[in-house]
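In what follows, a single structure is set out as structure tokens and then discussed.
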Amino acid sequence: MCGIVGYTGARSAGPLVLDGLKRLEYRGYDSAGLAVLNGEGRIEVFKAPGKISALENALGSRFPSGHTALAHTRWATHGAPNVVNAHPHTDCGGTLALVHNGIIENAPTLRTALVKRGHVFRSETDTEVLVHLVEELHTKGAPLADAVAAALQQVDGTYGIAVISTREPDTVVAARRGSPLLVAIGNGENFVASDASAVLAHTRSVVYLDDGEIAVVRPRDYRILDLSAAEKEKTVTQIEWDLATIERGGYAHFMLKEIMEQPDSLRNALRGRLLEEDGTVRLGGLNLTDEDLLKVRRIVMTACGTSWHAALIGEYMMEELARIPSEVEYASEFRYRNPIVDEHTLVVGISQSGETADTLAALREAKRRGARTLGIVNVVGSTIAREVDGGIYLHAGPEIGVASTKAFTSQIAALALLTLTMGRLRSLSILQGREVVRCLARLPEQVAQVLSKAPHVEQIAERLVRATNVLYLGRGYNFPVALEGALKLKEISYIHAEGYPAAEMKHGPIALIDDLMPVVFIAPQDAVYQKVVSNVEEVKARGGRVIAIVTEGDTGLAKLADQQVEIPETLDLLTPVLSVLPLQLLAYYIAVRRGCNVDQPRNLAKSVTVE
Ligand code: AGP
């Protein structure tokens, strides 16, 4: 998903938008570009394939001077990741420059019509149709905002766009449908950006655009309109995070920093929410009364990627402790399969970014069908957070590394809090509730204990650097951890890996086992421990190499496993918070040894804002 930054003010715009863009690089890094409206009233455009550093090298010291500019980092959807398809795109006469995040679904039809009307296209992108559509009205005298509104009424699909024009030199017009965009309010200067990290160095005051809104931004003011040019009143939000939280803070990678931040991110997720005396929790943002929560007869959790793995753990928790029928749905499947939900269904969307297009659409679909919706979200003010009926913020702080780590463990903690809330309203006793609350409170310390074993995990990683396949196996609450471990390895080291319920192995994957196939078992001493031990013996019997995540003091499995990492004891439902940590570190160290770009793995992006 692309990153957009725009600026208008008194300062030199080029360096400002480029600096902001660097903080958005985790959103996509196939190509980057910049457009500056220079002192002579012309738009100068610079583009380069690949990372922003390539654009910086291409620019060198010849930064165009100007006070209005746009910048864009791309995650290619339509058209190869090359310099021609890089944004910004300009119109036929060079009057306009436009950057876009999203997909224009009817671009081919619009393009054919525009070519018939004499427009000349330079790129293969869907985006370029937008700048030519705006050109049609703007060059006939229509104000930029009106021309943009008229153009957008012709397009199907999703967009976050920003446009500048030589005819309105101090104006940036931005608009959103489906892709996140905000206006950041400075002192005598204003920005537009895909997310707040691009502007935190300058201001914390932001206005989030909603779907169907257009922002007309000038140095000293901004107006928010809808597509029919009606003025909209908007709230100015103050961002909590500061610049330091989005710096690497001395770590080699954001991913390692975020792994090591987990004791604190968990403390933040639990702070002020644990009520040990009552054996329950306080969740201020649910926006649902106990009556509402008691009317819930079925829970559907929907998400993508790592968040979907957290949802699987939430399903197990909800059924075990709250005894509420629960299901987990891939958001991309749920939204198109005519799902059965009603006013007694609680649909919980789990998303770190709060912007994942499929999860957002699944929640909108659930709402349309009468369900109550909750969001378990990390990014404050994100679209999912603003559209659901209620929710739980993770307070994990910004997660910049594309591979999700601290958000995952905080999602599990948040799901445990929601489960306690639902369970204590039903059959879960105060004693059971107190025990879960006590174990939750101990987690941050226990996480720090496991993370102190990083050097040991690094040694294990040494022996897996040249692996071509890895199998992850777990049962019960740790089956989703097997999936998560495999995903982490795949997405940052590019080694093929699969996660499976350990017992499923006998129904196929066991054919893969030989002395070259490393098998990672997640085997804490929980309710299914003995079953997992049998599975380990089955793998050992076929010469497999076993790395096991075990409970401290477990000498039994120690004899069977080739290598192991110990984790402290806790309740079964909370073991995933501890057992996933060695798997995050394992993937990290293997990827670093293989020379992979850990924070910005190939072909991936941090939040997937298109379908
Ligand atoms: C996980 O490491 C990946 N970055 C990806 O699978 C991610 O979990 C998925 O895109 C969902 O993102 P979200 O939590 O922001 O919705």
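Start at 1 and go down the list; that is how both ligands and their atoms are numbered. Scope of the values below: all heavy atoms of this structure, side chains included, with no hydrogens, waters or symmetry mates.
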Query raised in the report: Thr359 to ligand 1: N or O pair under 3.5 Å?
Result: no
Requested in this report: For Ser31 and Asn82, test the side chains for any donor-to-acceptor distance below 3.5 angstrom and give the result as yes or no.
Outcome: no
**Report entry** Part of Lys488 with heavy atoms under 4.0 Å of ligand 1, whether side chain, backbone, both or neither
**Finding:** side chain
Requested in this report: Please report the C-alpha distance between Arg23 and Asp195 in whole Å, then the side-chain angles of each, then the deciding distance to 0.1 Å, and finally whether the salt bridge (Lys or Arg N to Asp or Glu O under 4.0 Å) criterion is met.
Outcome: CA-CA 9 Å; Arg23 300 196 185 284; Asp195 73 49; over 6 Å; no
Query - ring-ring contact (aromatic ring centres under 6.0 Å, His included) pairs, two or more places apart, involving residues 402-421 - result: none
Report task. For ligand 1, find out whether one of its N or O atoms is nearer than 3.5 Å to an N or O atom of Val402. Result -> yes
Report task. Given side-chain hydrogen bond (donor to acceptor under 3.5 Å, both in side chains), test Glu355 with Thr609 step by step and report yes or no. Result -> CA-CA 6 Å; Glu355 300 293 355; Thr609 54; over 6 Å; no
Report task. With heavy atoms of Ser404 as the reference, note each atom of ligand 1 found under 4.0 Å away. Result -> 1 (C), 2 (O)
**Report entry** Subset of ligand 1 atoms that lie under 4.0 Å from at least one heavy atom of Ser353
**Finding:** 13 (P), 15 (O), 16 (O)
**Report entry** Residue Arg463 excluded, over 12 heavy atoms near CZ under 6.0 Å
**Finding:** no
Query raised in the report: If every non-hydrogen atom of Thr409 is compared with every non-hydrogen atom of Gln262, which pair is closest and at what distance?
Result: OG1-OE1, 2.8 Å
Query raised in the report: Do Thr306 and Lys488 have side-chain N/O donor and acceptor atoms under 3.5 Å apart?
Result: yes
Query raised in the report: More than 12 heavy atoms of other residues, nucleotides or ligands under 6.0 Å from CD of Glu504: is that the case?
Result: yes
Query raised in the report: To which of Thr306, Val377, Asp358 does the heavy atom nearest atom 1 (C) of ligand 1 belong?
Result: Thr306
Requested in this report: Specify the protein heavy atom at minimum distance from atom 3 (C) of ligand 1: its residue, its atom name, and the distance to 0.1 Å.
Outcome: Glu491 OE1, 3.5 Å
Query raised in the report: Which ligand 1 atoms does Gln352 reach within 4.0 Å, using its non-hydrogen atoms?
Result: 13 (P), 14 (O), 15 (O), 16 (O)
Report summary line: of all protein heavy atoms, closest to atom 6 (O) of ligand 1 is Gly305 CA, 3.3 Å
Query - Identity and distance of the protein heavy atom lying nearest atom 9 (C) of ligand 1 - result: Cys304 O, 3.8 Å
Query raised in the report: Does Ser607 reach ligand 1 with a nitrogen or oxygen that is under 3.5 Å from one of the ligand's nitrogen or oxygen atoms?
Result: no
Query raised in the report: At a 4.0 Å threshold, what atoms of ligand 1 neighbour a non-hydrogen atom of Ser307?
Result: 8 (O), 13 (P), 14 (O)
Query raised in the report: Nearest heavy atom to atom 12 (O) of ligand 1: which of Val379, Thr356, Asn378, Ile350 does it belong to?
Result: Thr356
Query raised in the report: Within the structure, does Lys606 bring an N/O atom to less than 3.5 angstrom of an N/O atom in ligand 1?
Result: no
Requested in this report: Check each atom of ligand 1 against the heavy atoms of Ala403 and keep those under 4.0 Å away; list them by number with element.
Outcome: 2 (O)
**Report entry** Pairs touching residues 580-611 that satisfy ring-ring contact (aromatic ring centres under 6.0 Å, His included), sequence neighbours left out
**Finding:** His253-Tyr588
